[in-house]
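Notes follow the structure.
Here the structure is a predicted model, which means the values were calculated and not measured.
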Amino acid sequence: MSHLDKLNPAQREAVETTTGPLLVLAGAGAGKTRVIAHRILEIVRRGTAPEHILAITFTNKAASEMRERVINLLSEARVLGDGDRPLTHVSAGGASRYRFSSHAPFVSTFHSLGLLIIKENAALLGFKRTPTIYDRADSLREMKSALKHFDESMEPRAALSLVSKTKGQGMTLSDFAAGARNYREDVVAKAWALYEEALRKDGALDFDDLLLRAMLLLRDNEAVRRHYQARWTYVHVDEYQDTNYVQARLLELLVGPEKHVCAVGDVDQTIYGWRGAEIKNIMSFERTFPGAKIVMLEENYRSTKAILQAANDVIAKNAYRPDKNLFTKNADGENLKLYQAFDELDEANFVARIVREGLAEGMQPRDFAVLYRANFQSRAVEEALLRADITYQVLGTRFFERKEVKDALSFVRAAILGTTADLGRIANTPPRGIGKVTLLKILAGQEASLTGKVREKVVELRTLLKNIAAAVEKLRPSELMHFVVTETGMERAFKEDKLEGAERLENIKELVSLAARYDDYPQVTDISLHAGLDAFLESAALASDQDELKDDANAVRLMTVHASKGLEFKAVFVTGLEEGLFPYQREGEADADKEEERRLMYVAITRAQKKLYLCYASYRTIFGAKTATLPSSFLSDIPGELIDLEAPERLGKTIYLD
């Protein structure tokens with residue numbers, strides 16, 4: 001049976017359109033990842049070498065899932081491998097040996113792609129070695145330090161956000177400084193200059209640089225641009241509606257003269273305008289790539305008819321969208337459940353009660369997800385689930401942002417790269433008698449002026465870093481991380497800490513386990529850094545919220561609606577459906593962005609497969625004050641015949657009579 005026989009007519013049309021520009025408008029749960037994977041297979045079957053195919057998405061998790069699906073398809077079809085033998089796929093938690101095959105498609109996130117282009121052209125860009133990546137905390141620290149020279153009252157996060165947004169629009173420091181319109185922008189421009197100097201000194205880039213520097217290189221260097229266009233003659237991009245200016249421009253520059261580009265996305269799931277995503281990118285695809293074919297995927301394989309009808313009715317109110325209507329061959333399903341809580345505690349208890357009832361009926365904790373518009377809403381739900389002894393997992397506290405995890409990784413980077421940010425972080429971790437004054441002298445290159453006990457402490461630190469650097473060349477990533485946590489004294493310190501030590505030690509053990517996924521990567525002989533360690537450090541730097549989701553964890557998932565995009569669950573609670581909260585209205589704004597907020601509601605609804613619970617509270621405590629609320633206007637978009645009212649527990653279950 002042909003792989004095409006597994007597709008519905010619209011999916012097959014998209015898969016068989018292998019030349020020229022193609023825009024696939026894929027509704028929620030319509031199988032867009034399947035389309036990309038099968039389209040890649042079809043392109044290979046028609047004679048294109050797999051290594052000439054590129055697929056880009058947004059998160060490590062999505063890229064890993066797509067990569068595995070593509071490789072499995074190609075291997076099963078015996079179009080990838082050694083002769084007639086399918087490619088052997090060795091995978092452990094997403095890190096797979098096949099990624100090193102020179103005959104495989106390149107599946108990557110935007111940021112990983114940008115980093116690859118920068119790494120391959122490091123000398124051209126003025127780097128003496130592969131640049132390190134500043135995470136959010138590193139960037140905030142340097143921006144705070146820079147602002148001290150100009151205006152300490154300015155919030156570093158706001159300044160960094162403005163810099164990030166500006167870079168996402170394709171503007172450099174010189175562009176921004178030249179166009180500064182007021183005191184605030186003038187101060188940010190000056191601080192940005194010092195921030196860039198700190199990056200330069202460390203041989204580092206921040207997240208936004210990975211995209212901006214790669215885009216500018218391709219834009220300004222024709223030889224480099226032609227090189228990548230020749231390498232990847234077929235380009236795919238998933239979640240195209242989420243691209244900002246730089247990402248969309250990067251995609252354009254990668255597309256060769258034949259215009260073999262396939263963009264997949266859904267206008268109705270454009271929910272990242274607040275961080276620079278431009279809906280006009282997908283809306284103007286035909287103008288960017290004249291002659292583009294458009295294929296609409298409207299058949300949903302995820303949800304019941306009742307859930308889809310509610311989603312269609314909500315999103316139909318948006319004016320700025322192509323006409324699209326999801327349908328399904330799934331069962332009609334249960335009506336949506338609506339619960340009016342007294343306050344957030346009552347709402348949280350309702351969630352716990354319904355989960356408890358579901359578990360008694362044979363459902364698993366992992367079948368449930370609780371979605372909210374703002375992170376603060378999770379607290380009450382967490383407390384209710386704790387009281388009910390129900391296991392849960394909160395997305396949002398990233399594993400790689402935990403102090404002990406960052407410390408361990410900083411030891412490795414400081415040892416092999418000598419980055420000042422990492423050296424500053426670990427100089428006195430665990431405490432070894434190196435104070436702030438001593439640290440400043442170390443960072444200023446004045447170690448020779450140190451004497452006595454202080455000098456001995458610094459010599460011990462330098463010896464430790466040399467030992468770690470030597471271990472890099474001999475040990476696999478997991479062995480190296482175990483070496484680091486023992487030799488540095490971190491493990492001993494955590495065992496002695498009777499308060500938080502046990503939890504921190506567990507996180508360190510998890511870090512070693514994560515590093516083990518990269519142990520089978522081959523040693524690259526022309527550089528000293530083990531390829532697996534390079535990939536591990538890169539993965540840690542580029543991790544996203546969804547990468548924290550443990551697929552094997554049998555727990556109720558708590559997350560913002562933004563974090564839920566791309567996921568699905570048997571039963572979903574959408575909480576806090578109140579005016580001002582969902583739709584969200586920021587302080588000082590006259591009105592919420594109703595179109596984007598409605599798209600967010602559409603995303604929330606379409607996460608549910610079988611059961612959907614909508615909740616709002618008559619009173620909600622915000623900033624310590626209990627305030628009366630109004631039900632969300634989105635609730636009135638859903639026809640009454642699709643909704644059943646849920647009664648409070650004290651009144652028992654509601655029984656409906658014909």
*How far apart are the C-alpha atoms of V188 and F150, what are their side-chain angles, what is the distance that settles it, and do they pass the side-chain contact (heavy atoms from CB on, under 4.5 Å) test?*
CA-CA 9 Å; V188 170; F150 306 107; over 6 Å; no
*asked:* Before you tell me yes or no, could you show the steps for F368 and L359 under side-chain contact (heavy atoms from CB on, under 4.5 Å), namely the whole-Å CA-CA distance, both residues' side-chain angles and the distance that decides it to 0.1 Å?
replied: CA-CA 10 Å; F368 295 91; L359 298 181; 4.3 Å; yes
_Does K61 form a salt bridge (charged side-chain N to carboxylate O under 4.0 Å, His left out) with E65? I'd like the steps, not just the answer._
CA-CA 6 Å; K61 180 180 176 66; E65 291 172 353; 3.5 Å; yes
*I would like to know whether K406 and D135 meet side-chain contact (heavy atoms from CB on, under 4.5 Å); could you show each step before the answer?*
CA-CA 10 Å; K406 291 188 67 173; D135 64 14; 2.9 Å; yes
*Determine, step by step, whether L537 and I133 satisfy the side-chain contact (heavy atoms from CB on, under 4.5 Å) criterion, reporting the C-alpha distance in whole Å, the side-chain angles of both residues, the deciding distance to 0.1 Å, and the verdict.*
CA-CA 9 Å; L537 294 176; I133 306 169; over 6 Å; no
_Criterion salt bridge (charged side-chain N to carboxylate O under 4.0 Å, His left out) on E597 and R373, from CA distance to verdict_ = CA-CA 10 Å; E597 288 293 311; R373 182 63 182 82; 2.8 Å; yes
*What do the steps show when you test E382 against R379 for salt bridge (charged side-chain N to carboxylate O under 4.0 Å, His left out), and what is the final call?*
CA-CA 5 Å; E382 287 188 69; R379 183 193 59 81; over 6 Å; no
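Heavy atoms from other residues, nucleotides or ligands lying under 6.0 Å from CZ of R136 number more than 12. Atom CZ of R129 is surrounded by more than 12 heavy atoms from other residues, nucleotides or ligands within 6.0 Å.
Contact of the D208 side chain with the K165 side chain is not registered, since no non-hydrogen atoms from C-beta on lie closer than 4.5 Å. Between D242 and K565 there is a side-chain heavy-atom pair separated by less than 4.5 Å. Side chains of T172 and L216 form a contact here, defined as non-hydrogen atoms less than 4.5 Å apart. Within the 4.5 Å cutoff, the side chain of K570 has no heavy atoms near those of the Q364 side chain. In this structure, N554 and T391 have side chains that are not in contact, with every pair of non-hydrogen atoms separated by 4.5 Å or more. Between R432 and L464 there is a side-chain heavy-atom pair separated by less than 4.5 Å. Proximity of I468 to T488: side-chain heavy atoms (C-beta onward) are separated by under 4.5 Å at one or more points. Taking 4.5 Å as the limit, some side-chain heavy atom of L600 sits within range of a side-chain heavy atom of F582.
The shortest heavy-atom contact between E578 and A617 is OE2-N, 2.8 Å. Closest approach of A63 to T109, counting heavy atoms only: CB-CG2, 4.0 Å. Counting all heavy atoms, side chain and backbone alike, S139 lies closest to Y134 at OG-CB, 3.8 Å. Heavy-atom minimum distance, A535 versus Y518: CB-CD2, 3.8 Å. In plain terms, the two heavy atoms of A352 and A388 that are nearest each other are CB-CB, 4.3 Å. Looking at every heavy atom in both residues, D534 comes nearest to K119 through OD2-NZ, 3.1 Å.
Between the side chain of R620 and the main chain of E344, no donor-acceptor pair closer than 3.5 Å is present. Side chain of S161 to backbone of A158: no donor-acceptor contact under 3.5 angstrom is found. A donor-acceptor contact shorter than 3.5 Å is absent between the side chain of Y392 and the backbone of P365. Of the possible polar contacts, none joining the S64 side chain to the N60 backbone as a donor-acceptor pair under 3.5 Å is found. In this structure, S564 contributes its side chain and L567 its backbone to no donor-acceptor pair below 3.5 Å.
Remark: K474 does not engage E479 in a salt bridge, criterion side-chain N to carboxylate O under 4.0 Å. Remark: R413 engages D422 in a salt bridge, criterion side-chain N to carboxylate O under 4.0 Å.
Interatomic distance, CZ of R200 versus CD of E196, reported as 6.5 Å (0.5 Å rounding). Taking CD from E487 and CZ from R492, the interatomic distance works out to 9.5 Å, rounded to the nearest 0.5 Å. For the atom pair L199 CG and D138 CG, the distance stands at 9.5 Å (nearest 0.5 Å). To the nearest 0.5 angstrom, S449 atom OG is 9.0 Å from R455 atom CZ. If you take CD1 on I56 and CD on Q247, they are separated by 9.0 Å, rounding to the nearest 0.5 Å. Going from atom CG of D407 over to atom OG1 of T429 covers 5.0 Å, rounded to the nearest 0.5 Å.
Side-chain contact annotation: T420 with D202, donor-acceptor N/O pair under 3.5 Å present.
Note on ring orientation: taking the six-membered ring where Trp is involved, the planes of F350 and F573 are perpendicular (angle over 60°, cut-offs 30° and 60°). The aromatic rings of H111 and F207 sit tilted relative to each other, their planes meeting at an angle between 30° and 60°.
Evaluated for a salt bridge (charged side-chain N to carboxylate O under 4.0 Å, His left out) with D206, the options K167, R213, R141 yield exactly one hit, K167.
A centroid separation of less than 6.0 Å is found between the aromatic rings of F58 and F110.
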